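Quick caveat, the model's predicted, so the values are computed rather than measured.
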Amino acid sequence: MSLANVNADTPEKHEPERIGRLSRHSFRAKFILVVSAAVLFDLMLAGGVAIWNVQRLSKDATEKVALGLTTATEEYLRTYIDTTALRTELLLDQVFSEVEALGASMQTLIDNPRTGAEIGQTVETDPVLGDKLVFNQAADWSQNEPGESVVSVWGYLLDDQGNPLPAVEKQIADSSAFNLVAPGMMKTGSPKLQMYYVGPKDMPIMRTTPYTDQAQTFDRLYPGHNEENFWDFFFPGVYESWQSWIGNPANRPVPRDIVGTAPYIDAITGAKIVSFFFPLWTEDRTDVAGMTAVDITLDQLSSLVENVKIADTGFGFLASSSGNVLAVSDAGAQVLGLVSVGGEGQGVTGINRFLAQSEFPAVAKLELPHNEGTVIDTLNLATRADGGDEDYTVILKELAPINLWDGEKIVSENLTLGFMVSNDEIYASLTAVQQELTEATQRIINWQIVVLLVSLMIVTLAVYAISGRITKGLSQLADAARALQNKDYSVRVAMTTRDEVAAVGRAFNRMAEEISYHTENLENLVEERTKRLETANREIVDLNKRLKSENVRLGAELDVAKRIQEMVLPRLSELENIPQIEIAAFMEPADEVGGDYYDVLFDGDHIKVGIGDVTGHGLESGVLMLMVQSVARALQEKGDRDPVAFLDVLNRAVYKNITRTKSDKHLTLAFVDYENGKVTLSGQHEEVLIIRANGETERIDTMDLGFPVGLEADISPFVATLDLDFGPEDVLILHTDGITEAENDTGEMFGLDRLSDSAHENRSKSAKGIAEAVINDVKSHIGDYKVFDDITLVVLKHR
């Protein structure tokens, strides 16, 4: 838009108030500020929600990945340790089976002594398998020459010549079948260090395969052993525990005859070994008859544990229930902080690397499981080269129980298999994934922020440009308005767009044109309007005069109609001349002319009282009331005393007049005919009250005695009569609904009950007194409230 003056003669201009383009009062500055704030809020909200969702998604993904990888890792470790535990138990079961097989063979010879003796004699005479003992006088023991196996006979089992005592010699022969069975079993099955047989406690000869210098080794490592019983020296308590099982098998800690030892240094081979014993019983099962045994190197168990590979540095270990680590790699022992203690002494000496004595408090406090479940825990150890802490995941699983000789007795023992691995290694992939997710999330957030800033910048520029376009039109309108304010009515706004601002500009131009037109033609317009007002004023004055004249005329006509209506009403003198009945009446129209009707027709001995109510009130209703009065009077004068015919003829006459005048009026109308102490009711109107001389009140419904007059041409089928006694002091009350429906200021009607009660209370009075009392009660009920309908009351009292 642009401004253009259509009239060169512009009025004097005042200096307009100028508003800077981006001042704090300018619309453009406010528009840019509001829109930019709204856009910024929207972008910040949308961007915040997006960033929050990205962070939540990243957090959820990280948690789910962590949970999935942790679960998978733990499941892998559980499966791995279960498999390793199963392999360990299978190795032990295989060793158990072999020692049990050797024991079963030796037990068979014990249970069949003759066969055992024959086999023993045969073996002893065999040049290869037979035991050819050589007495070592210096050491005081006998031992055979090198072969498949070795048998050692201790000094206290020899006579003075170094020969075995007779019973011992028989024991040697009976157990020589060992030379047939054991070497073969030694070469087959699982790897074994040696298998051996020890005789009963009174003849503890010792057979071992393969052949070793066992007696010489014992002499070197265990001085004095030849002076004591073999069992008591090497395995104290084992023999007695087995003897206790005979009387009560329930004494076995684990329901299996196999008994193991803790790992110890083998006296012969110097290797770390574990022994498993299988007891032999006498033929009558009343005593122990020796044992068979097998030694396996701890390397066989250690290989299962030490071959555990978890990540790069994860390792496995095997611990007793006391926490003594039986098998672990050197690196694993260093991580666990184990310290070997003891290990020397008489008899079987063991390995003492207890977890409780670890240099790391967390390992020292590690509790081993006491059920067959798998326990996963985390230990924090100061194992880093820089002295820092490092978290380790430890997995523990308890193996099936075995019988263990603890150095004094046989107890139940549960070995525990354990894995340890650094969390940095086992969860390296998880850490990498979390790091990638964190980096990816941060990249998304950074890009989101960049997009928000770019969007905000673009929107701000767009708002700035659009606001300029919008405010340009408004600025032109403001300039035009200022010009108009300075009485330059020739100013116009040039519109180049079709938007709302252009619409305002067009409206402004029209307004300016009208102002210009009215300003230039103001005097002519004032004169023209003045003339129009003068003409209108004269017309109003003339009209008022005509209305006043018409009102005067109508008022006069209404006064005439009211006067005529009053004139046709029965006069007081007429009523007082009626000998048999006292009659008093009251009628008050709501307007100048009422629509109620009542009349008293008397022709000597016959009295006829009529009462009616024309619909509505006013002049038309009053005229209809006069029609009824005239026709009734005419029929009375004619001498027609049949109530039905009287009402029928009256209806016909009125109906025809109503039809002629095209009026929609009609009325309820009833008559009371009195003659010789009786009254006859006819026609339909309000209920008729009769108050007897004895005080009883009768309410007569006239609904079935007639039909509204003026509605139908012939109402004779509907007209009926009702004869009633009307004796001395009886009172008959006729009324219109103007009494019963008279309302007070609360809208409450006077009602038929109040009318009946009022008449009853005043029944001792004259008819006039009764009528005055009832009307006073009605007026009192209405009070200052408006009277809406005509009020008519007729009281008849028998003299």
If every non-hydrogen atom of Ala262 is compared with every non-hydrogen atom of Leu404, which pair is closest and at what distance? N-CD1, 3.5 Å
Given the rule in the side-chain contact (heavy atoms from CB on, under 4.5 Å) test, do Leu381 and Met420 qualify, once you have shown the distances and angles that lead to the verdict? CA-CA 12 Å; Leu381 306 179; Met420 273 188 76; 3.8 Å; yes
Candidate pair Glu63 and Arg56, rule salt bridge (Lys or Arg N to Asp or Glu O under 4.0 Å), full reasoning: CA-CA 10 Å; Glu63 291 177 351; Arg56 188 180 66 172; over 6 Å; no
Output for pair (Phe278 CZ, Met195 CE), nearest 0.5 Å, gives 11.5 Å
Quick check for you: to the nearest 0.5 Å, what is the distance between Arg87 atom CZ and Leu91 atom CG? 9.0 Å
The test is salt bridge (Lys or Arg N to Asp or Glu O under 4.0 Å); show your working for Asp82 and Lys397 and say whether it passes. CA-CA 8 Å; Asp82 289 345; Lys397 182 175 180 60; 3.5 Å; yes
Roughly how far, to the nearest 0.5 Å, is the CG atom of Leu193 from the CE atom of Met186? 6.0 Å
Under the side-chain contact (heavy atoms from CB on, under 4.5 Å) criterion, do Leu318 and Leu415 qualify, and how do the steps go? CA-CA 7 Å; Leu318 185 66; Leu415 300 179; 4.1 Å; yes
With under 30° as parallel and over 60° as perpendicular, where do the rings of Phe277 and Tyr196 fit, or are they tilted in between? perpendicular
Quick one: closest heavy-atom pair of Glu408 and Asp406, and the distance? N-OD1, 2.9 Å
Determine whether a donor-acceptor pair (N or O, by modelled atom type, separation under 3.5 Å) exists between the side chain of Asp213 and the backbone of Gln216. no
Ring centres under 6.0 angstrom apart (Phe234, Phe218): yes
Does a side chain donor of either Gln194 or Thr208 reach within less than 3.5 Å of an acceptor in the other side chain? no
Which atom names give the shortest non-hydrogen contact between Lys309 and Tyr80, and what distance separates them? N-OH, 2.9 Å
Rounded distance (nearest 0.5 Å) linking atom NZ of Lys192 with atom OG1 of Thr209: 10.5 Å
Under a 3.5 Å distance rule, please check whether Glu413 uses its side chain to pair with a backbone N or O of Ser321 as donor and acceptor. yes
Would you say that Ile426 contacts Ile310 through its side chain, given a criterion of any heavy-atom pair below 4.5 Å between the two side chains? yes
Heavy-atom closest pair, residues Glu89 and Ala400: OE2-N, 2.8 Å
Output yes when a side-chain donor or acceptor of Ser358 lies under 3.5 Å from a complementary backbone atom of Phe354, and no otherwise. no
Quick one, Glu240 with Lys201, criterion salt bridge (Lys or Arg N to Asp or Glu O under 4.0 Å). Give me CA distance, side-chain angles, the key distance, then yes/no. CA-CA 10 Å; Glu240 289 74 11; Lys201 196 168 185 177; 2.5 Å; yes
Could you tell me if the ring centre of Phe276 sits under 6.0 Å from that of Phe96? yes
Looking only at side chains, do Asn414 and His370 share a donor and an acceptor under 3.5 Å apart? no
Does Tyr464 form a side-chain contact (heavy atoms from CB on, under 4.5 Å) with Thr460? I'd like the steps, not just the answer. CA-CA 6 Å; Tyr464 180 79; Thr460 302; 5.6 Å; no
After noting the C-alpha distance and the side-chain angles of Met206 and Tyr197, does the key distance pass the side-chain contact (heavy atoms from CB on, under 4.5 Å) rule? CA-CA 6 Å; Met206 183 175 182; Tyr197 161 84; over 6 Å; no
Are Leu338 and Glu359 side-chain neighbours, meaning at least one heavy-atom pair lies under 4.5 Å? no
With heavy-atom distances below 4.5 Å as the criterion, would you say the side chains of Leu379 and Leu366 are in contact? yes
Inspect the surroundings of CD in Glu367 and state if more than 12 heavy atoms from other residues, nucleotides or ligands are less than 6.0 Å away. no
Using the six-membered ring wherever Trp is involved, compare the ring planes of Trp245 and Trp242 and label them parallel, tilted or perpendicular (cut-offs 30° and 60°). perpendicular
Do Phe315 and Val335 come close enough that some side-chain heavy atom pair is under 4.5 Å? yes
Side-chain contact test, heavy atoms from C-beta onward, threshold under 4.5 Å: evaluate it for Ile402 versus Val254 and give yes or no. no
Measuring from Asn446:CG to Thr441:OG1, what's the distance to the nearest 0.5 Å? 10.5 Å
So that I know where these two stand, are Phe235 and Tyr239 an aromatic pair - ring centroids less than 6.0 Å apart? no
What I want to check is whether the side chains of Thr378 and Asp391 have a donor and an acceptor closer together than 3.5 Å. no
Do Glu98 side-chain atoms and Ser190 backbone N/O form a donor-acceptor pair below 3.5 Å? yes
Contacts of type side chain to side chain contact (heavy atoms under 4.5 Å, CB included), residue Ile449, not counting sequence neighbours: Ile51, Ile445, Leu453
Lys/Arg N to Asp/Glu carboxylate O, Glu436 vs Arg443, below 4.0 Å: no
Restricting to non-hydrogen atoms, name the atom on Ala311 and the atom on Val421 that form the minimum distance, rounded to 0.1 Å. CB-CG2, 4.1 Å
Tell me the closest heavy-atom pair linking Ser322 and Ser320, and the distance in Å. OG-OG, 2.8 Å
Rounded to the nearest 0.5 Å, what's the gap from CZ on Arg353 to CZ on Phe317? Could you check? 11.5 Å
Is a side-chain donor-acceptor pair under 3.5 Å present for Asp330 with Gln334? no
Judged by modelled atom types alone, do Glu390 and Ser422 share a side-chain donor-acceptor pair under 3.5 Å? yes
Within the structure provided, determine whether Trp231 and Met291 are in side-chain contact (heavy-atom separation under 4.5 Å). yes
For a quick check under 3.5 Å, do Thr416 and Glu398 share a side-chain donor-acceptor pair by atom type? no
Side-chain contact, heavy-atom cut-off 4.5 Å: Val181 with Leu102? yes
Within a strict 4.5 Å, meaning less than it, do heavy atoms of the Leu396 and Asp377 side chains meet? no
Check for a donor-acceptor pair, side chain of Tyr427 on one end and backbone N or O of Ala66 on the other, with a separation under 3.5 Å. no
Please step through salt bridge (Lys or Arg N to Asp or Glu O under 4.0 Å) for the pair Arg256 and Asp93, ending with a clear verdict. CA-CA 11 Å; Arg256 191 168 188 174; Asp93 282 343; 3.5 Å; yes
